[in-house]
A.B. asks: 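My questions all concern the structure below.
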Amino acid sequence: MSTLVFGHKNPDTDSVCAAIALADLKKKLGEDIAPAIQGELNPESTFVLNKFGVAAPAVVTSYAGKDVYLVDHSDLAQSPDDLKEANILGIVDHHKLGDVTTGQPLECWIWPVGCTCTVIASMYDYFNIDIPKEIAGIMLCAILSDTVIFKSATCTDKDKEVCDKLKEICGENDLESLGIEMFKVKSAVEGTPVRELVLRDYKDFDMSGNGIGCGQLELVDLSIVDGIKADLEKDIQDLKAEKGHHTVLLMLTDIMKEGTELLIASDDESVIEKTFNATPVDSKVWLPGIMSRKKQIIPDLEKTFG
C-alpha cells in the first residue's frame, strides 16, 4: 500500500503542488508514495497543472490505516477527520506548528517562509536530487501564488532565491506576467456558486474554544465581486450558523492595491476592532497593507481571543 502525501482541506495551489513535488522527491529516494488531495482542484490549481502538463492527484477523503506525510498544514481542523487513525511519517509546512501529534518521531521540515514549495525545493537540494522541469514549474507557480507575486508580508528572501532557480529550470522568465495570469484565473467568479467562492480558500481555527473561520479571495480588482458582495455577506452568516462558529470572515484581497476588505459575520464584532484597530461599518472594514491570512490575520486574532 502506497504512502500518501496530502495538503489541507479546500486545497490551494501550494497544498496541491507541494503534495506532487514531495511525492516525486520521496519516490526518487526509494519510497512507494503517491500524492493526494482532500477536495477538488480550484481554478488556479487546474490552470497551473495544465500549463505544465502535470496530472492532478487523486481525491482521497479517508486516511485511516495509511502511512502519510502532511504538507502545508499541521492543524487537525484542516486535516482528514480520521487522521488520528493514520501513521504520520512527516510534516513539511510553512505555517505555525498546529495541534497534530504523533506517537513516534517524525521527519519535520517547518520553515518560516512564504510557501511550502520553497521548503520542498530546498529538500531536493539537500538530498542532491535534480528537480524535473514540470515540477519546477508548478512549484514556481505555488510560490508566486502564496507570496502574491512577492507582495505578501510572508514573502522572504529564500522564496525569491528559490524562484530564481526554479525559473531557470522551467524556462519561465517573466514572473510578474505569470503571476498576473494566475491571479486573473483565481479572480474569476462568474458562474461560480457563492458557497464555492467562500470555501475556495477557507480554513477553520479553534481560538480558546471559539470556532473561527476565515476564507480569502485574492482579486486583481475588488470591483470583480461588486455584483455578488451582498450574497457573499449573507453566505458567511449562513456558514457561521451551520458551523456554530463565533466568527466567520472573508478576506477580499486586492493584490494591486495591496489591501483587504474584510467581510465579517461575528457574535461580537468588537474583536475585529480590538484586533485591527479599525471600526467595521455594516460588517465590513478595509485593512490597508493586509494581504496574508497566515501572518496578518490569524496570529493577531489568536492574541485577542487569548
Side-chain angles (χ1 to χ4, degrees), residues 8-13 39-47 77-78 145 148 151-152 180 182-205 207 210-298 300-301 304-305:
H8 52 72
K9 290 175 179 173
N10 305 312
D12 62 4
T13 299
E40 298 298 330
L41 295 178
N42 67 29
E44 182 191 66
S45 302
T46 300
F47 167 81
Q78 295 161 32
S145 176
V148 195
K151 293 179 181 179
S152 173
I180 292 295
M182 288 165 51
F183 277 98
K184 282 181 178 173
V185 173
K186 193 182 239 185
S187 294
V189 300
E190 195 171 334
T192 305
V194 168
R195 175 58 60 89
E196 194 175 311
L197 292 174
V198 169
L199 295 180
R200 182 176 281 178
D201 182 6
Y202 173 91
K203 293 180 179 179
D204 284 314
F205 302 88
M207 299 188 187
N210 297 286
I212 308 296
C214 185
Q216 184 173 28
L217 287 174
E218 290 168 314
L219 307 162
V220 290
D221 192 319
L222 287 189
S223 65
I224 291 169
V225 294
D226 280 352
I228 59 166
K229 193 179 291 183
D231 295 329
L232 292 170
E233 292 175 82
K234 180 181 183 304
D235 198 68
I236 63 171
Q237 293 283 357
D238 292 345
L239 184 61
K240 174 185 173 299
E242 290 163 25
K243 287 180 172 285
H245 276 2
H246 178 286
T247 297
V248 171
L249 306 171
L250 182 61
M251 300 170 65
L252 303 178
T253 299
D254 189 318
I255 69 166
M256 305 310 288
K257 291 182 181 171
E258 300 188 28
T260 290
E261 183 176 30
L262 194 64
L263 307 187
I264 306 156
S266 180
D267 290 342
D268 180 9
E269 284 191 7
S270 73
V271 298
I272 303 302
E273 187 165 3
K274 287 176 198 164
T275 302
F276 303 109
N277 196 27
T279 305
V281 176
D282 297 328
S283 297
K284 294 185 284 289
V285 66
W286 171 254
L287 301 174
I290 301 292
M291 301 182 72
S292 169
R293 171 176 54 204
K294 179 185 84 169
K295 195 162 186 176
Q296 297 173 297
I297 296 287
I298 298 307
D300 290 347
L301 273 174
T304 300
F305 279 96

A.B. asks: Surrounding NZ of Lys257 (heavy atoms of other residues, nucleotides or ligands, distance under 6.0 Å), is the total greater than 12?
C.D. replies: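 Counting other residues, nucleotides and ligands, NZ of Lys257 stays at 12 neighbours or fewer.
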A.B. asks: Find the distance between CG (Asn10) and CG (Leu199) and round it off to the nearest 0.5 Å.
C.D. replies: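 With rounding to 0.5 Å, CG (Asn10) is 5.5 Å from CG (Leu199).
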A.B. asks: Between atom NZ of Lys234 and atom CD1 of Ile236, what is the distance when rounded to the nearest 0.5 Å?
C.D. replies: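 Going from the NZ atom of Lys234 to the CD1 atom of Ile236 covers 11.5 Å.
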A.B. asks: Under the salt bridge (charged side-chain N to carboxylate O under 4.0 Å, His left out) definition, can you give me all pairs with a residue in residues 215-229, not counting sequence neighbours?
C.D. replies: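 Listed once each, the pairs are Lys186-Glu218, Lys229-Glu261.
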A.B. asks: For Leu197 and Asp231, what are the C-alpha separation, side-chain angles and deciding distance, and is it a side chain to side chain contact (heavy atoms under 4.5 Å, CB included)?
C.D. replies: CA-CA 11 Å; Leu197 292 174; Asp231 295 329; over 6 Å; no
A.B. asks: Which pair of non-hydrogen atoms, one from Ser283 and one from Glu269, has the smallest distance, and what is that distance?
C.D. replies: OG-OE2, 2.6 Å
A.B. asks: Closest approach of Thr304 and Lys274, non-hydrogen atoms and distance?
C.D. replies: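 For Thr304 versus Lys274, the nearest heavy atoms are CG2-CB, 4.3 Å.
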A.B. asks: Roughly how far, to the nearest 0.5 Å, is OH of Tyr202 from CG of Asp12?
C.D. replies: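 Reported value, rounded in 0.5 Å steps: 15.5 Å.
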A.B. asks: Only one of Leu301, Leu263, Thr260 clears side chain to side chain contact (heavy atoms under 4.5 Å, CB included) with Leu249; which?
C.D. replies: Leu301
A.B. asks: Any salt bridge between Lys240 and Asp267, counting N to O under 4.0 Å?
C.D. replies: yes
A.B. asks: Considering non-hydrogen atoms only, spot the tightest contact between Gln237 and Ile264 and give its length.
C.D. replies: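 Smallest heavy-atom distance, with atoms named: NE2-O, 3.9 Å.
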A.B. asks: Determine whether more than 12 heavy atoms belonging to other residues, nucleotides or ligands lie under 6.0 Å from atom CD of Glu242.
C.D. replies: yes
A.B. asks: Between the side chain of Ser266 and the main-chain N/O of Asp268, is any donor-acceptor distance below 3.5 Å?
C.D. replies: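 At least one qualifying donor-acceptor pair exists.
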A.B. asks: Kindly give the heavy-atom pair with the smallest separation between Gly289 and Gln296, and that separation in Å.
C.D. replies: O-NE2, 3.0 Å
A.B. asks: How many angstroms lie between CZ in Phe305 and OG1 in Thr275, if you round to the nearest 0.5 Å?
C.D. replies: 7.0 Å
A.B. asks: Would you compute the distance between atom OG1 of Thr247 and atom CD1 of Ile272 and round it to the nearest 0.5 angstrom?
C.D. replies: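 It comes to 6.0 Å.
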A.B. asks: Taking the side chain as everything from C-beta on, heavy atoms only, tell me whether Ile212 gets closer than 4.5 Å to His245.
C.D. replies: no
A.B. asks: At what distance, to the nearest 0.5 angstrom, does CG of Asp201 lie from CG of Leu217?
C.D. replies: 8.0 Å
A.B. asks: Give a yes or no on whether Glu40 atom CD has more than 12 heavy-atom contacts from other residues, nucleotides or ligands under 6.0 Å away.
C.D. replies: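 12 or below, so no.
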A.B. asks: May I ask you to test the Asp238-Arg195 pair for a side-chain heavy-atom distance under 4.5 Å?
C.D. replies: yes
A.B. asks: Identify the residue among Met291, Lys203, Arg200, Met251 that makes a side chain to side chain contact (heavy atoms under 4.5 Å, CB included) with Gln216.
C.D. replies: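 Exactly one pass, corresponding to Met251.
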A.B. asks: Taking Ser292's backbone N and O only, do any of them form a donor-acceptor pair with Ser152's side chain (distance below 3.5 Å, no angle check)?
C.D. replies: no
A.B. asks: Val285 versus Phe276: any side-chain heavy-atom pair under 4.5 Å?
C.D. replies: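 No, side chains not in contact.
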A.B. asks: Dump the intermediate steps for side chain to side chain contact (heavy atoms under 4.5 Å, CB included) on Leu250 and Glu233, then the final yes or no.
C.D. replies: CA-CA 8 Å; Leu250 182 61; Glu233 292 175 82; over 6 Å; no
A.B. asks: Answer whether the closest heavy-atom distance between the side chains of Leu287 and Ile297 falls below 4.5 Å.
C.D. replies: yes
A.B. asks: Can you tell if the side chain of Ile180 reaches within under 4.5 Å of the side chain of Met256, non-hydrogen atoms only?
C.D. replies: yes
A.B. asks: Tell me yes or no: between the side chains of Glu44 and Ser145, is some donor less than 3.5 Å from an acceptor?
C.D. replies: yes
